[in-house]
Protein chains: 2
Amino acid sequence: MTAPRYRRRKEDRPQEITAAALDAFAEKGYAATRVEEVAKRAGVSKGLLYLYFKTKEELFKAVVKSVVIRRVDALIDTVETTELSSEEFVRGPLLSFMKKVPASPVAVVVRLLLAEGRKHPDLADYYYDNVVSKGLAAMHRVLTRGVERGEFRQCAATEQPHLLVAPVMLSIVWGIVFAGKALDTDALIETQIDMLLANIRA
Amino acid sequence: MTAPRYRRRKEDRPQEITAAALDAFAEKGYAATRVEEVAKRAGVSKGLLYLYFKTKEELFKAVVKSVVIRRVDALIDTVETTELSSEEFVRGPLLSFMKKVPASPVAVVVRLLLAEGRKHPDLADYYYDNVVSKGLAAMHRVLTRGVERGEFRQCAATEQPHLLVAPVMLSIVWGIVFAGKALDTDALIETQIDMLLANIRA
DNA sequence: CTCGTTACTGACTCGTTGGTCAGCAATTAT
DNA sequence: ATAATTGCTGACCAACGAGTCAGTAACGAG
């Protein structure tokens with residue numbers, strides 16, 4: 001009676017494989033990652049991987065989508081349901097959310113999209129529709145509501161939610177390129193928010 | 001008397017090849033670009049390319065260095081020699097410089113470093129030492145001088161030259177990933193500078 | 001005009017890797 | 001138990017692209 005050499009786990013495989021792929025892509029990037037390496041990390045043969053994903057490219061897309069799922073939706077919900085004042089919300093939940101992003105898998109996806117996005121315009125569109133667009137809309141909503149409530153004054157800055165994203169983006173890029181060099185990303189993000197609030201406060 | 005099939009132009013080849021490589025990398029990224037494609041664009045055989053650059057990787061490094069050369073130095077000179085007040089300098093030469101960056105080859109280099117930087121830590125170091133470090137120092141110098149002259153007040157923002165870079169970085173990344181979607185990068189950068197100045201003005 | 005030097009060519013090699021498939025063994029049905 | 005089903009394996013192949021090299025022709029010297 002020897003232990004079985006493998007178990008059949010049809011349900012869990014795809015998830016496990018995309019998770020393994022995310023790790024591998026994070027380390028080596030898409031092009032430099034061998035499909036066999038992904039299979040190995042997932043504890044699976046290369047053949048099986050190809051049963052679940054027709055090509056390496058399809059695996060790539062599945063990875064991106066797996067990260068995107070419902071990450072922004074949580075933020076949007078919080079925006080709509082919060083009892084906090086606009087400034088309290090920005091300084092509290094929003095700031096804390098923003099601080100988490102640079103160390104999250106989102107950074108990996110950004111890197112992948114930067115490197116390979118040109119070859120997969122549909123993926124860029126998908127990411128735009130499901131993350132960027134929604135995220136910016138949520139931030140814009142926060143600022144607009146502040147204006148409506150008389151907490152903020154309407155000005156160029158309240159129409160540019162991108163300005164909230166900018167320091168987060170810089171932190172992500174910095175972390176990817178200069179993994180070694182330190183950068184106080186939290187301070188960066190905080191200072192930007194301080195500046196913005198000081199500027200738009202009514 | 002037929003026209004010669006090629007001309008000997010030892011002096012110009014390296015430059016022409018790196019220029020062709022920059023174009024190709026900009027379009028397809030490093031990994032997806034075939035060495036033969038670069039040679040073709042440079043109007044040269046693959047064999048000749050390998051006479052000037054030992055490997056594809058060395059070509060890559062030569063490309064990065066060719067873009068970096070003296071791009072930041074001009075800015076630094078201007079900082080040191082200008083007669084303008086600090087605010088005038090920020091609103092004038094610095095703003096105009098920042099607006100140009102997202103459409104310049106710097107964007108290509110950023111993309112390459114993001115995608116391949118992990119495999120070439122020495123390149124990332126080189127880029128840090130010759131561009132990032134110098135650029136940030138120059139911006140910091142502008143802010144500090146403003147403080148010294150009593151034009152600005154010392155605060156967190158004057159110690160964070162990164163905040164000036166952030167919107168430029170966002171514009172670069174946006175342009176790479178969402179080539180189609182419009183983004184008013186000029187407005188973004190301007191608003192950030194307005195905000196910063198309003199905040200640190202003495 | 002020759003002849004020697006060398007910038008240059010392009011067909012070739014060979015390692016790498018995305019993708020396949022015939023068969024095997026874990027499960028389920030009978 | 002035995003058979004039928006199918007999740008799974010791993011050896012295999014074909015394509016592709018980085019890097020090589022023997023030969024060719026442009027150019028300069030004498």
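Between D:dC27, C:dT9, C:dG18, one nucleotide has an atom nearer to the side chain of A:R34 than all others, and that is C:dG18. Residue A:S45 has its side chain nearest to D:dG10 when only D:dG10, C:dA26, C:dG19 are considered. Taking only side-chain atoms of B:R9, from C-beta outward, the nucleotide of C:dC8, C:dA26, D:dG19 with the closest atom is C:dC8. Picking from C:dC8, D:dC8, C:dG19 the nucleotide with the shortest atom distance to the side chain of A:L51 gives D:dC8.
Contact of the A:T78 side chain with the A:F97 side chain is not registered, since no non-hydrogen atoms from C-beta on lie closer than 4.5 Å. Looking at heavy atoms from C-beta onward, B:I76 lies out of side-chain contact with B:R141 at the 4.5 angstrom threshold.
Put simply, CG on B:L48 is 7 Å from C1' on C:dA7, counting in whole angstrom units. The distance from atom CZ of B:F60 to atom P of D:dA18 is 14 Å, rounded to the nearest whole Å. Between the OH atom of A:Y50 and the C1' atom of C:dA22 there is a distance of 19 Å, rounded to whole Å. One atom, CD of A:E36, and another, C1' of D:dT9, lie 12 Å apart when rounded to the nearest Å. The NZ-C1' distance, from A:K10 to D:dC8, rounds to 12 Å in whole Å. One interatomic measurement links the two molecules: CG of B:L59 to P of D:dG17, which rounds to 16 Å at whole-angstrom precision. Between the CG atom of B:L49 and the C1' atom of D:dG17 there is a distance of 14 Å, given to the nearest Å. For the pair B:F53 CZ and D:dG19 P, the computed distance is 13 Å after rounding to whole Å.
Each of A:T33 and A:G47 was matched to the nucleotide of DNA chain C holding its nearest heavy atom; the match closer to the 5' end belongs to A:T33.
The base of D:dG7 lies close enough to the side chain of A:Y6 for a donor and an acceptor atom to sit less than 3.5 Å apart. Interface remark: the B:R7 side chain does not form any donor-acceptor pair with the D:dA26 base, using a distance-only criterion of under 3.5 Å. Judged by distance alone with a 3.5 Å cut-off, a donor-acceptor contact links the side chain of A:K46 to the base of C:dG18.
The heavy-atom pair separating B:E116 from B:Y30 by the smallest distance is CD-CD2, 3.5 Å.
Looking at A:E36, its side chain never comes within 3.5 Å of a backbone N or O of A:K46 through a donor-acceptor pair. Looking at A:T158, its side chain does come within 3.5 Å of a backbone N or O of A:C155 through a donor-acceptor pair.
Residue contacts shown for B:Y52 are limited to sugar-phosphate atoms, with no base heavy atom under 4.0 Å away.
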